[in-house]
> 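One structure, pasted below without further comment.
Each residue takes its place number in the sequence, starting with 1. Note: hydrogens, waters and symmetry copies are ignored here, and every other heavy atom, side chains too, is used. Just so you know, these numbers come straight off a predicted model, no measurement behind them.
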Amino acid sequence: MKQGKRIIWKGVCYFFILLFLLLLACGIWYGIKGYRMYRNAVTEITIAEQVAIIEQQEHYVRYEELPQIYIDAVISVEDHRFFSHSGVDGIAIARALWNDFRTFSFAEGGSTITQQIAKNQYFTQEKTLERKFAEIFTARAWEKTCEKEEIFALYVNTIYFGSGYYGIYEAAQGYFHVTPEELNDYESVMLAGLPNAPTAYALDTHSDLAKQRMQQVLDCMVSNEKLTQQEANTILVEKTLSE
């Protein structure tokens, strides 16, 4: 009986060792391919050149021109460890991998704000391990090129907000007819949630879904201690009274 248990235990151990070695080999293989993809991309156009192109766009909005509540809202809902990681959030990636494993999908990626701008500027939206590794290498390089505040500004100036609006300036003008500096608290939090699914949350076509998303953003802000629950409730009440 004991001998049989030992054989089963050894078999289980060997299985997990082989599984680990297989995953390690796959990681190395796709890591090398991803690194080559990253090198090819930044050789064609460097990160510094990419940054210059974005910052020279008309109506580029600098970090210091953005309302603090908008900054807090975006970071809370998109990447709450943004100012502490170096481009890649290992905790977020581990959580995403676990959720993907449980659901047998590739729905989550654990991407940071830096990874998102790296992906958007250099790669396609195709979900492959090769591209994911390339995105990680590019994000780490981007963090060595720019300060955090600059990365944040580059991100919000290039993301899609739905209804044909690219960048925070177009979104503020198109949805609320103000400049980003003039956004009030409600408008700032609302815009922070749209890029997650810009078509689904577009204000002029799906305002109800956009408001539900805004509630999620407020919940994240409260969870990350950027707002109290009373302040979050006040933002919603003030908008309701003005309608």
Side-chain angles (χ1 to χ4, degrees), residues 61-100 102-103 107-117 147-149 151-157 159-162 165 167-169 171-172 175-176 178-204 206-243:
V61 182
R62 298 188 301 275
Y63 180 88
E64 57 270 22
E65 296 174 316
L66 295 165
Q68 186 60 48
I69 191 170
Y70 174 72
I71 295 170
D72 291 341
V74 173
I75 290 175
S76 293
V77 76
E78 292 287 347
D79 182 8
H80 69 275
R81 282 183 286 269
F82 174 68
F83 281 105
S84 61
H85 63 62
S86 58
V88 179
D89 187 343
I91 296 174
I93 289 177
R95 183 181 64 248
L97 287 173
W98 172 245
N99 289 333
D100 288 345
R102 287 192 304 108
T103 58
E108 293 190 36
S111 293
T112 64
I113 285 174
T114 317
Q115 285 177 255
Q116 290 182 59
I117 190 171
E147 296 294 331
K148 287 288 189 177
E149 291 79 4
I151 291 171
F152 184 89
L154 292 165
Y155 173 70
V156 300
N157 275 276
I159 50 178
Y160 184 51
F161 287 83
Y165 303 131
I168 184 61
Y169 183 88
Y175 287 128
F176 300 115
V178 297
T179 66
E181 292 177 283
E182 297 169 331
L183 289 167
N184 62 33
D185 290 352
Y186 178 91
E187 294 162 349
S188 295
V189 177
M190 175 63 79
L191 290 184
L194 301 187
N196 176 259
T199 301
Y201 298 138
L203 275 171
D204 51 4
H206 302 289
S207 60
D208 290 343
L209 290 177
K211 290 176 182 177
Q212 291 176 25
R213 173 61 176 168
M214 181 186 175
Q215 183 63 65
Q216 294 174 356
V217 176
L218 287 170
D219 290 343
C220 287
M221 295 181 75
V222 172
S223 177
N224 288 293
E225 300 182 348
K226 296 301 181 181
L227 290 176
T228 65
Q229 187 61 60
Q230 183 177 354
E231 289 171 333
N233 293 340
T234 298
I235 291 173
L236 291 173
V237 171
E238 287 178 348
K239 178 58 181 176
T240 301
L241 292 175
S242 66
E243 291 179 336

> To the nearest 0.5 Å, what is the distance between CE on M214 and CG on L194?
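Going from CE on M214 over to CG on L194, the span is 10.5 Å.
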
> Just jot down the side chain to side chain contact (heavy atoms under 4.5 Å, CB included) partners of T228, sequence neighbours excluded, or say none.
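Listed in chain order: Q230, E231.
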
> Quick check: do V156 and Y63 have side-chain heavy atoms less than 4.5 Å from each other?
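No, too far: nothing below the 4.5 Å cut-off.
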
> With heavy-atom distances below 4.5 Å as the criterion, would you say the side chains of L66 and V74 are in contact?
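The answer is no; the side chains never approach within 4.5 Å.
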
> side-chain hydrogen bond (donor to acceptor under 3.5 Å, both in side chains): which pairs involve residues 68-78, sequence neighbours left out?
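For residues 68-78: Q68-D72, E78-Q116.
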
> With sequence neighbours excluded, tell me which residues meet salt bridge (Lys or Arg N to Asp or Glu O under 4.0 Å) with K148.
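K148 satisfies salt bridge (Lys or Arg N to Asp or Glu O under 4.0 Å) with E143 only.
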
> Considering residues, nucleotides and ligands other than E225, do more than 12 of their heavy atoms fall under 6.0 Å from its CD?
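Check fails, neighbour count at 12 or below.
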
> Donor-acceptor pairs under 3.5 angstrom involving side-chain atoms of residues 195-204: please list them, not counting sequence neighbours.
unit_1: D204; atom_1: OD1; unit_2: S163; atom_2: OG; d: 2.5
unit_1: D204; atom_1: OD2; unit_2: S163; atom_2: OG; d: 2.9

> Within a strict 4.5 Å, meaning less than it, do heavy atoms of the Q115 and D89 side chains meet?
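Contact flag for Q115/D89 side chains = no.
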
> Which residues satisfy the side-chain hydrogen bond (donor to acceptor under 3.5 Å, both in side chains) test with E182, sequence neighbours excluded?
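So E182 forms a side-chain hydrogen bond (donor to acceptor under 3.5 Å, both in side chains) with T179.
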
> Could you check if a side-chain atom of M190 sits within less than 4.5 angstrom of a side-chain atom of K211, using non-hydrogen atoms only?
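They are in contact (side-chain heavy atoms under 4.5 Å apart), so the answer is yes.
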
> Looking at every non-hydrogen atom in both residues, tell me the closest pair between Y155 and I117 and how far apart they are.
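The pair with the smallest heavy-atom distance is N-CD1, 3.5 Å.
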
> If I compare all heavy atoms of L191 with all of F161, which pair ends up nearest, and what's the gap?
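That would be O-CE2, 3.4 Å.
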
> Got a donor-acceptor contact below 3.5 angstrom from the N184 side chain to the Y186 backbone?
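Yes, because the side chain of N184 sits within donor-acceptor range (under 3.5 Å) of the backbone of Y186.
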
> Check whether any side-chain heavy atom of E147 lies under 4.5 Å from a side-chain heavy atom of F152, and answer yes or no.
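Sidechains of F152 and E147: no contact.
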
> Any chance you could measure K226, atom NZ, to H80, atom NE2, to the nearest 0.5 Å?
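Spacing of NZ (K226) from NE2 (H80) equals 11.0 Å.
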
> Sequence neighbours left out, what passes salt bridge (Lys or Arg N to Asp or Glu O under 4.0 Å) with E65? Give chain and number order.
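If we apply the salt bridge (Lys or Arg N to Asp or Glu O under 4.0 Å) test to E65, skipping adjacent residues, the hits are R62.
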
> If you measure from CD on E149 to CZ on F82, what distance do you get to the nearest 0.5 Å?
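Between E149 CD and F82 CZ, I get 7.5 Å after rounding to 0.5 Å.
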
> How long is the straight-line distance from CG of D219 back to CG of L227, given to the nearest 0.5 Å?
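Result: 10.5 Å between the selected atoms.
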
> Distance only, no hydrogens: is a donor on one side chain within 3.5 Å (strictly under) of an acceptor on the other, for D208 and Q212?
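Result is no, nothing qualifies.
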
> Within the structure provided, determine whether I69 and I235 are in side-chain contact (heavy-atom separation under 4.5 Å).
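Side-chain contact under 4.5 Å: yes.
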
> Testing the basics here: between A232 and L218, what is the closest heavy-atom pair and its distance to 0.1 Å?
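Heavy atoms only, the tightest pair is O-CD1, 4.0 Å.
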
> Which atom pair, heavy atoms only, marks the closest approach of A192 to V77?
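Result for this residue pair: O-CG1, 4.0 Å.
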
